[in-house]
Amino acid sequence: PSIATVNSVGFITPLKEGRVIISVTYGEETRTCPVDILTEPQYTYAYLEQRAKEEAQLIADNVMNDPQLKTDLERIAKAARLINNYVGAGRETSSVPGYNQPFGTLVTFYSSCAGSTRALGMVLELMGFQWKHVNENQWTHQWCSLTMDGQKGYADGMAGIAGYGTHPSA
């Protein structure tokens, strides 16, 4: 009898508590990993939101403490690249809970334009910037609009870019 089911995007639904060994084979190499299955959810939205804030603070601190970055644009571009690293480490989707929230990008690694924009926006706020969510809640590309070095510009966590002027997708 199974103790859990796994859907097409990797979400595990517990049926009863226990331990399973997950095996993955790639080519001739097989790796295994023990996984504890718990029937009570361990991660609430509040927990995931708090973890996202902690990750965002780590990113903001990394950027703001980099002595090589002299301009707002350099700092914001690095923040966008770091968010893009999270996007690249995960999976782009719009079909799992939290995909459009900062924790989707920063904690559970399920990203979307909306989630990566909000994650970058959270980092920007911690860096002291005000920003606007472009195309918020629309099924099209999204990014942050803000003023840096006294000029209007954009920052895009999904693409890992920032610049002065108009976003290339605008």
Side-chain angles (χ1 to χ4, degrees), residues 6-13 38 40-170:
V6 181
N7 72 12
S8 63
V9 294
F11 266 41
I12 298 171
T13 302
L38 306 171
E40 292 299 317
Q42 301 299 304
Y43 303 116
T44 63
Y45 266 63
Y47 170 82
L48 293 170
E49 289 170 350
Q50 180 57 40
R51 284 288 300 119
K53 289 177 187 172
E54 292 167 3
E55 287 295 315
Q57 187 65 62
L58 290 172
I59 295 167
D61 290 347
N62 176 294
V63 170
M64 297 307 286
N65 292 326
D66 187 337
Q68 295 180 343
L69 305 176
K70 305 296 183 200
T71 66
D72 291 345
L73 177 58
E74 290 172 332
R75 290 182 194 94
I76 292 166
K78 181 175 182 179
R81 287 191 305 273
L82 290 172
I83 292 296
N84 180 257
N85 288 344
Y86 282 82
V87 171
R91 186 171 170 176
E92 186 178 349
T93 184
S94 60
S95 62
V96 298
Y99 76 92
N100 61 349
Q101 299 302 313
F103 69 76
T105 298
L106 298 172
V107 181
T108 62
F109 298 100
Y110 286 104
S111 295
S112 65
C113 286
S116 63
T117 298
R118 290 183 176 107
L120 180 54
M122 183 181 281
V123 171
L124 292 172
E125 288 172 11
L126 292 167
M127 292 168 53
F129 292 94
Q130 294 181 347
W131 63 285
K132 180 180 178 250
H133 193 145
V134 177
N135 297 326
E136 186 173 16
N137 299 324
Q138 297 179 34
W139 290 102
T140 187
H141 192 60
Q142 301 174 32
W143 61 88
C144 301
S145 172
L146 71 160
T147 299
M148 52 190 152
D149 301 314
Q151 300 180 56
K152 291 191 181 293
Y154 61 89
D156 185 336
M158 199 72 176
I161 60 173
Y164 302 123
T166 305
H167 189 283
S169 294

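We count residues from 1, following the sequence as given.
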Which heavy-atom pair separates [X] from [Y] by the least distance, and what is that distance?
{"X": "Ala52", "Y": "Val107", "value": "N-CG2, 3.5 Å"}
{"X": "Ile76", "Y": "Ala162", "value": "CG2-CB, 3.9 Å"}
{"X": "Phe129", "Y": "Thr147", "value": "CD2-O, 3.8 Å"}
{"X": "Leu48", "Y": "Phe103", "value": "O-CB, 3.3 Å"}
{"X": "Ser116", "Y": "Thr105", "value": "N-OG1, 3.3 Å"}
{"X": "Arg81", "Y": "Gly160", "value": "CG-O, 3.4 Å"}

Side-chain (Thr117) to main-chain (Gln142) donor-acceptor, under 3.5 angstrom: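 The answer is yes, because a donor-acceptor pair under 3.5 Å joins these two groups.
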
I'd like to know if the side chain of Asn100 reaches the main chain of Gly115, judged simply by a donor and an acceptor atom lying under 3.5 Å from each other, with no hydrogens or angles considered.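 No: the side chain of Asn100 does not pair with the backbone of Gly115.
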
Considering only residues two or more places apart or on different chains, which pairs with a residue in residues 156-170 satisfy side-chain hydrogen bond (donor to acceptor under 3.5 Å, both in side chains)?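 Listed by first then second residue: His141-Asp156, Asp149-Tyr164, Asp156-His167.
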
For a side-chain contact (heavy atoms from CB on, under 4.5 Å) check, start with the C-alpha distance between Glu92 and Met158, then their side-chain angles and the critical distance, and finish with the verdict. CA-CA 10 Å; Glu92 186 178 349; Met158 199 72 176; 3.1 Å; yes

Does any part of the side chain of Trp131, heavy atoms only, come nearer than 4.5 Å to the side chain of Leu120, both counted from C-beta?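 Heavy-atom side-chain distance check fails, nothing below 4.5 Å.
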
For the residue pair Pro97 and Tyr110, establish whether any side-chain heavy-atom pair is separated by less than 4.5 Å.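 They are not in contact (no side-chain heavy atoms under 4.5 Å apart), so the answer is no.
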
Stepwise side-chain contact (heavy atoms from CB on, under 4.5 Å) check, Ile83 with Leu106: CA-CA 8 Å; Ile83 292 296; Leu106 298 172; 3.7 Å; yes

From [X] atom [atom1] to [Y] atom [atom2], the distance as rounded to the nearest 0.5 Å:
{"X": "Met148", "Y": "Glu74", "atom1": "CE", "atom2": "CD", "value": "11.5 Å"}
{"X": "Arg75", "Y": "Leu73", "atom1": "CZ", "atom2": "CG", "value": "10.5 Å"}
{"X": "Asp72", "Y": "Gln151", "atom1": "CG", "atom2": "CD", "value": "10.0 Å"}
{"X": "Lys152", "Y": "Lys132", "atom1": "NZ", "atom2": "NZ", "value": "10.0 Å"}

For the pair Asn135 and Trp143, evaluate side-chain contact (heavy atoms from CB on, under 4.5 Å) and give the outcome as yes or no after the intermediate values. CA-CA 8 Å; Asn135 297 326; Trp143 61 88; 3.7 Å; yes

Contact list for residues 55-67, test salt bridge (Lys or Arg N to Asp or Glu O under 4.0 Å), sequence neighbours left out: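 Found Arg51-Glu55, Asp66-Lys78.
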
Just grab all the salt bridge (Lys or Arg N to Asp or Glu O under 4.0 Å) pairs involving residues 105-122, residues at least two apart or on different chains.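 Matches after skipping sequence neighbours: Arg118-Glu136.
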
So with a 6.0 Å cut-off around CD of Gln130, is the heavy-atom count from everything else above 12?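 Not more than 12 within 6.0 Å, no.
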
If the test is side-chain contact (heavy atoms from CB on, under 4.5 Å), which one of Leu58, Leu126, Leu82 qualifies with Val63?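 Result: among Leu58, Leu126, Leu82, Leu82 is the only option passing the side-chain contact (heavy atoms from CB on, under 4.5 Å) with Val63.
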
Test Tyr99 against Thr108 for side-chain contact (heavy atoms from CB on, under 4.5 Å), laying out the working first. CA-CA 9 Å; Tyr99 76 92; Thr108 62; over 6 Å; no

